[in-house]
Engineer: 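One structure, as structure tokens, below. Some questions next.
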Amino acid sequence: MRSNWIIWTSSVLFAAFFTLVTLQPIDDFADLRGPYCEQIGCCTSRQDTCSKPIIGTLCYCDDFCNRTDVHDCCPDFWSYCRGIDLPTPLPPTTPRPPPEEVRSCFHEGRVFFLNQTSKNNCNECRCAQVGSSLEMLCERNVCLIEPDIVYNVNADFRHGWRASNHSKFWGRTLGDGIRLRLGTLQPQKDVMRMNPVKRYYDPASLPRQFDSSVNWPRYITGIQDQGWCGSSWAVSTAAVASDRYGIISKGKEEVQLSAQNIISCIPRSKGCEGGRLDRAWTFVRKYGVVDEPCFPYTGSNYTRCSIRRIGSLAEAHCIPPRYSERTGRYKVGPAYRLGNETDIMYEILRSGPVQATLKIYHDFFSYTGGIYKHTDLSLAHQQGYHSVRIVGWGEEFTSNGLQKYWKVANSWGTDWGEAGYFRIVRGVNECDIEAFVLAVWSEVDRRILVSNGI
Ligand SMILES: *[C@@H]1O[C@H](CO)[C@@H](O)[C@H](O)[C@H]1NC(C)=O
Ligand SMILES: *[C@@H]1O[C@H](CO)[C@@H](O)[C@H](O)[C@H]1NC(C)=O
Ligand SMILES: *[C@@H]1O[C@H](CO)[C@@H](O)[C@H](O)[C@H]1NC(C)=O
Ligand SMILES: *[C@@H]1O[C@H](CO)[C@@H](O)[C@H](O)[C@H]1NC(C)=O
Ligand SMILES: *[C@@H]1O[C@H](CO)[C@@H](O)[C@H](O)[C@H]1NC(C)=O
């Protein structure tokens, strides 16, 4: 047994030696074979004596050799001191700076030099001069994703929904989220006084569940991602108008309308800094918009209105639609308001998705599934308004009994929530979602309406 082992190890050593010899002149690597740290041990913080000679310089086995900008660790430091197997431990390249000049901060087990930074979620720490010494100074922002919220939402199933860490929100502040992921300014008082339309129907005849994206799969706009641009006011407006074009024309004017057209061409638009729904709808009603391929979404403040604000589709250099003789831009009738839960349901059932504006609390950003209801887990009082598209409703047995919900399309991409949608408690004006709900009639080409018998 033992002699076998000796034969095996010596042949491995011979093979390793042979490889070295064939690759490089043996002298260059005479020092490299070690062991180093295995002999002198691993040292904490900076200890310049914790070193060994290596190809004409010194290598070290202390914490200080583990820095971002230079490496002067001995080749076996990683495997022996850190238990990490690097494929090719490099020999040191930079001579170590003399100790008296080196001033540094020590933070979470690492050494940082002046102005070096480290980031923890949305907060940056920087090694900075404070009086005569160096100290690690850290920002104290509330982050968009806070692990505490995620943990506490999931720890109690009675919340009725689940939270998770969304990678694209990690590292951003709550302030960024409120400013750049929402973007609907609260309607002005006179707009809020707008009277809801009266509807005549039998509430008992409404189905228990309904989903526009199942009922009209071809006409319902997919989930969009507004990016870091406070444009929900325009994105939701364009999407609701698009859906209704498809539904009312029975597919003959199936179109995706351009949100960027609204963002960039409204006079005095603040772009990604948010906007008002009444202005967005008035703009689409008066001037109309072009389709998405003709003026694609950029989600940038700096996209200018590259088409003339008014005129026909041809004047805007847009390709005319295939199945309609339309020449003008896509317009809508006046926006109208829906007054209560059943009126909203009736409207969706009859004519398609509606636009709703809801108050967004901190916990909402981590939503990943279930029926949302805001909790008191938010870590800050910052809130914002966000416009979305209600596409349907339903009910589900949960730990809280039979729970009614709305199904809502958000504009944060399909990797957020339930494939880009969320469900929220229905019938109790949760987060004000039933307080200001709007719909419009899309101005489908008259010839199509006639041929569709409308
Ligand atoms: C220092 O070592 C730790 C492992 O102990 C590692 O995670 C870290 O990335 C290293 N730092 C640098 C700058 O290599
Ligand atoms: C560190 O940052 C300060 C302030 O930003 C600057 O004045 C100084 O020159 C920087 N020092 C080094 C060594 O980069
Ligand atoms: C959240 O996700 C980011 C990016 O994927 C990751 O770097 C971070 O460690 C995660 N945070 C937690 C608490 O899991
Ligand atoms: C909503 O208002 C309509 C009248 O527009 C009324 O018939 C209906 O009962 C109301 N529904 C609820 C849930 O209050
Ligand atoms: C748009 O401008 C605002 C305010 O100047 C800025 O905070 C934001 O980051 C900008 N957004 C984009 C997407 O450039």
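Numbers here simply count residues along the sequence, with the first being 1. A quick note: this is a predicted structure, and the numbers were derived from the prediction, not measured. One-based numbering, in listed order, for ligands and for the atoms of each.
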Engineer: Is there a polar contact, in the sense of an N or O pair closer than 3.5 Å, between Thr342 and ligand 4?
Structural biologist: yes

Engineer: Is it true that the NZ or CZ of Arg423 lies under 6.0 Å from the centre of Trp406's six-membered ring and within 45 degrees of the ring axis?
Structural biologist: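 No, a cation-pi geometry is absent between Arg423 and Trp406.
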
Engineer: Determine whether the side chains of Ser242 and Tyr330 contain a donor N or O and an acceptor N or O closer than 3.5 Å.
Structural biologist: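 Side chains of Ser242 and Tyr330: no pair found under 3.5 Å.
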
Engineer: Report yes or no: is the cationic atom of Arg181 (NZ for Lys, CZ for Arg) under 6.0 Å from the centre of the six-membered ring of Trp416, at an angle within 45° of the ring normal?
Structural biologist: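 That pair does not qualify as a cation-pi contact.
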
Engineer: Pairs of nitrogen or oxygen atoms, one from ligand 3 and one from the protein, closer than 3.5 Å: please tabulate them with distances.
Structural biologist:
{"unit_1": "ligand 3", "atom_1": "2 (O)", "unit_2": "Asn165", "atom_2": "OD1", "d": "3.3"}
{"unit_1": "ligand 3", "atom_1": "2 (O)", "unit_2": "Asn165", "atom_2": "ND2", "d": "2.4"}
{"unit_1": "ligand 3", "atom_1": "5 (O)", "unit_2": "Ser167", "atom_2": "OG", "d": "3.4"}
{"unit_1": "ligand 3", "atom_1": "11 (N)", "unit_2": "Asn165", "atom_2": "ND2", "d": "2.8"}
{"unit_1": "ligand 3", "atom_1": "14 (O)", "unit_2": "Asn165", "atom_2": "ND2", "d": "3.3"}

Engineer: Are any of the N/O atoms in Asp343 less than 3.5 Å from those in ligand 4?
Structural biologist: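 Yes, there is a polar N/O contact under 3.5 Å.
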
Engineer: Salt bridge check: are Asp156 and Arg158 linked by an N-O gap of less than 4.0 Å?
Structural biologist: yes

Engineer: Are Thr184 and Thr357 close enough that a side-chain donor and a side-chain acceptor fall under 3.5 Å?
Structural biologist: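 No, no side-chain donor-acceptor contact under 3.5 Å.
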
Engineer: When you compare the side chains of Tyr336 and Glu347, does any donor N or O come within less than 3.5 Å of an acceptor on the partner?
Structural biologist: yes

Engineer: When you compare the side chains of Thr375 and Asp363, does any donor N or O come within less than 3.5 Å of an acceptor on the partner?
Structural biologist: yes

